[in-house]
Amino acid sequence: MELTGLQIFKYLPGAKKAEGTNCKKCGCPTCMAYALKLAKKQIGIEKCPHIPDELKEKFSEASKIQQYEIKLSNELVTGGETVMFRHDKTFVNKTVIAIHLDSDDADFDTKLEKIKNYHIERIGETFKVDAIYLTGTNKDLARKKIQNENIAVIPDDSLYSIAKGNNIEELEQESKRLLEQGQKSIILELAYDNKSTAEIAEQLTYIRRAAIIKRYEPLTYPVMVKLPQNMDNLQACAVASLLVCRYANIVVLNDFNEALLTTLFTLRQNIYTNPQKPLQVEAKIYEFNEPDRNAPVLLTTNFALTYFAVAGELESLPCGSYLVVTPSDGMSVLTAWSADKFTADLVAKSVKDFELAKKVDTRSIIIPGLLSHMKDELQEAMPEWNIVTGTIEACQIPEFLKSRESL
Ligand code: SF4
């Protein structure tokens with residue numbers, strides 16, 4: 001468990017008014033300032049000559065790896081997690097989504113082609129299948145074909161060893177055996193077999209807790225789970241979603257299925273964004289379909305999800321348009337408004353700074369329907385513009401603009 005500044009401070013002379021209090025030998029003005037820096041790893045523990053052994057022990061415990069990061073290919077790593085829950089800090093490496101391919105399968109090339117051609121784009125990111133879980137007797141040739149496509153192949157003896165087990169005890173034993181052989185790059189492969197979904201979730205949670213909280217070395221490695229063969233698509237989707245959330249580092253699917261992959265990538269993207277840094281786009285004026293000077297002007301915040309929802313609709317229109325995106329710390333429209341990141345003054349300033357008036361002859365700005373209560377306030381802050389209340393949902397924009405055209 002990482003120590004906070006206050007927890008560290010309790011061990012320092014400053015908290016006990018003991019000898020050395022605020023002596024500055026560490027280079028900090030006070031013991032509290034040192035404690036806060038130490039908690040953020042901005043200074044070394046050796047800088048203070050008064051650190052008690054108990055705190056040194058706690059630090060040594062806290063500096064143990066929680067989960068090793070394992071390289072699956074030159075571009076792909078897995079593991080490296082440091083928290084149990086995303087909101088505690090952030091998750092680090094996205095769950096690897098792999099598909100099982102049998103190198104002896106007569107349809108191998110066709111299946112690989114489908115996997116290779118699949119990708120989706122969502123909120124500015126592109127997703128594709130991360131890895132192939134390769135079995136069969138023709139692996140060498142198959143491996144070459146896959147690697148040409150820049151997709152990782154699992155397993156890969158040159159990069160890591162796999163500790164297989166039907167349960168936690170077996171995984172632990174196998175991992176210990178590999179550790180005794182001096183191997184440090186390990187992936188734990190937990191067999192699904194006849195376990196219920198609840199059992200697999202319980203075992204994965206146990207393993208993640210043993211790694212993150214207890215820092216128990218045999219289990220401080222990424223975990224891979226392969227879905228059983230007998231699941232239909234809906235079951236596979238439900239179970240794989242659970243595994244992405246808790247706590248498989250690698251999920252192996254049995255078949256290529258676009259709907260399933262799209263669902264998992266969407267879920268994974270939501271879980272693996274940093275909660276302290278909302279996905280955001282640059283605040284500026286965006287242009288769609290070569291707008292002329294009379295094209296409609298819409299306004300929204302720089303929260304990526306909002307931007308891409310609105311941008312998608314504007315791109316699909318037969319006419320051009322402008323979208324003014326205000327700097328709102330990546331917050332959605334209502335959140336930004338409630339946090340004072342979307343005020344009339346800020347919007348007026350953005351419109352002025354971006355020199356919107358020089359780009360268009362129209363003097364109307366369409367604001368999000370969710371902010372209809374701000375219309376008068378915005379009108380007052382931007383008297384030269386006509387403020388129009390737009391739609392609540394992005395998908396209503398085309399219809400809304402069409403109805404304005406016919407006015
Ligand atoms: Fe406090 Fe240690 Fe820094 Fe002195 S050296 S100010 S005792 S933290």
Side-chain angles (χ1 to χ4, degrees), residues 1-71 77-94 172 175-176 179 182-186 205-223 246-247 249 271-280 327-331 335 338-341:
M1 182 81 83
E2 303 259 330
L3 295 168
T4 64
L6 269 184
Q7 286 167 332
I8 294 169
F9 178 68
K10 283 181 191 160
Y11 291 92
L12 299 178
K16 299 167 187 163
K17 304 280 179 267
E19 187 195 340
T21 294
N22 301 337
C23 70
K24 302 185 180 55
K25 283 183 186 159
C26 56
C28 299
T30 61
C31 293
M32 177 58 94
Y34 172 78
L36 294 173
K37 273 194 164 191
L38 188 56
K40 288 185 196 160
K41 300 189 174 73
Q42 291 168 344
I43 198 165
I45 195 165
E46 74 290 344
K47 295 281 180 195
C48 170
H50 301 286
I51 297 275
D53 288 345
E54 197 183 348
L55 184 58
K56 282 183 191 159
E57 272 167 34
K58 281 190 186 289
F59 255 80
S60 137
E61 191 58 28
S63 62
K64 281 188 188 166
I65 295 279
Q66 290 168 290
Q67 190 182 52
Y68 283 94
E69 204 167 68
I70 303 294
K71 203 170 163 181
V77 292
T78 185
E81 300 303 334
T82 58
V83 291
M84 288 298 292
F85 305 105
R86 169 187 181 263
H87 60 261
D88 285 343
K89 199 170 179 186
T90 182
F91 287 151
V92 181
N93 288 309
K94 295 183 179 93
E172 205 179 325
S175 174
K176 277 183 185 166
L179 283 168
Q183 309 215 30
K184 280 281 179 190
S185 281
I186 298 171
T205 306
Y206 180 96
I207 294 168
R208 184 62 68 91
R209 283 178 68 85
I212 302 293
I213 297 172
K214 304 243 184 325
R215 299 176 195 235
Y216 177 57
E217 195 178 8
L219 298 180
T220 50
Y221 294 95
V223 187
R246 297 218 174 165
Y247 278 114
N249 300 88
I271 292 170
Y272 280 83
T273 51
N274 185 339
Q276 288 152 15
K277 288 187 198 154
L279 284 175
Q280 50 187 290
S328 316
D329 285 355
M331 293 182 195
T335 313
S338 59
D340 277 347
K341 298 286 180 191

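Order of appearance sets the numbers: ligands from 1, and atoms from 1 within every ligand.
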* Say you draw a straight line from NZ of Lys16 to NE2 of His50; how long is it, rounded to the nearest 0.5 Å? -> 12.0 Å
* Asked: Does a side chain donor of either Tyr216 or Glu172 reach within less than 3.5 Å of an acceptor in the other side chain?
  -> yes
* Asked: SG of Cys48 to CD1 of Ile8: how many Å apart, nearest 0.5 Å?
  -> 11.0 Å
* Asked: For the residue pair Tyr272 and Phe91, does the interplanar ring angle fall in the parallel (under 30°), tilted (30 to 60°) or perpendicular (over 60°) class?
  -> tilted
* Structure fact -> Value for OG1 (Thr205) from CD1 (Ile212), rounded to nearest 0.5 Å, stands at 12.0 Å
* If you measure from each non-hydrogen atom of Ala35 to ligand 1, which part falls under 4.0 Å: side chain, backbone, both or neither? -> neither
* If you count the atoms of ligand 1 from 1 in the order shown, which ones are under 4.0 Å from a heavy atom of Lys24? -> 4 (Fe), 6 (S)
* Does ligand 1 have any atom that is closer than 4.0 Å to a heavy atom of Pro13? -> yes
* Asked: Quick one: which ligand 1 atoms are inside 4.0 Å of a heavy atom on Asn22?
  -> 6 (S)
* Nearest protein heavy atom with distance in Å, relative to atom 1 (Fe) of ligand 1 -> Cys31 SG, 2.3 Å
* **Close approach, Pro49 and ligand 1, non-hydrogen under 4.0 angstrom** => yes
* Structure fact -> min-distance protein heavy atom vs atom 5 (S) of ligand 1 -> Cys26 N, 3.3 Å
* Heavy-atom nearest neighbour in the protein, as seen from atom 2 (Fe) of ligand 1, with distance rounded to 0.1 Å -> Cys48 SG, 2.4 Å
* Asked: Starting from atom 8 (S) of ligand 1, which protein heavy atom do you reach first, and at what distance in Å?
  -> Tyr34 CD2, 3.5 Å
* To do: Among all protein heavy atoms, pick out the one at the shortest distance from atom 7 (S) of ligand 1; state its residue, atom name and that distance to 0.1 Å.
  => Gly20 O, 3.2 Å
* Is it true that Glu217 and Lys184 make a salt bridge, defined as a side-chain N closer than 4.0 Å to a carboxylate O? -> yes
* For ligand 1, note which part of Cys23 has a heavy atom under 4.0 Å away: side chain, backbone, both or neither. => both
* Met84 backbone acceptor or donor facing Arg208 side chain under 3.5 Å -> no
* Give the atoms of ligand 1, by number and element, whose distance to some non-hydrogen atom of His50 is under 4.0 Å. => 7 (S)
* Checking Thr21 side chain against Pro13 main chain: does a donor-acceptor pair fall under 3.5 Å? -> yes
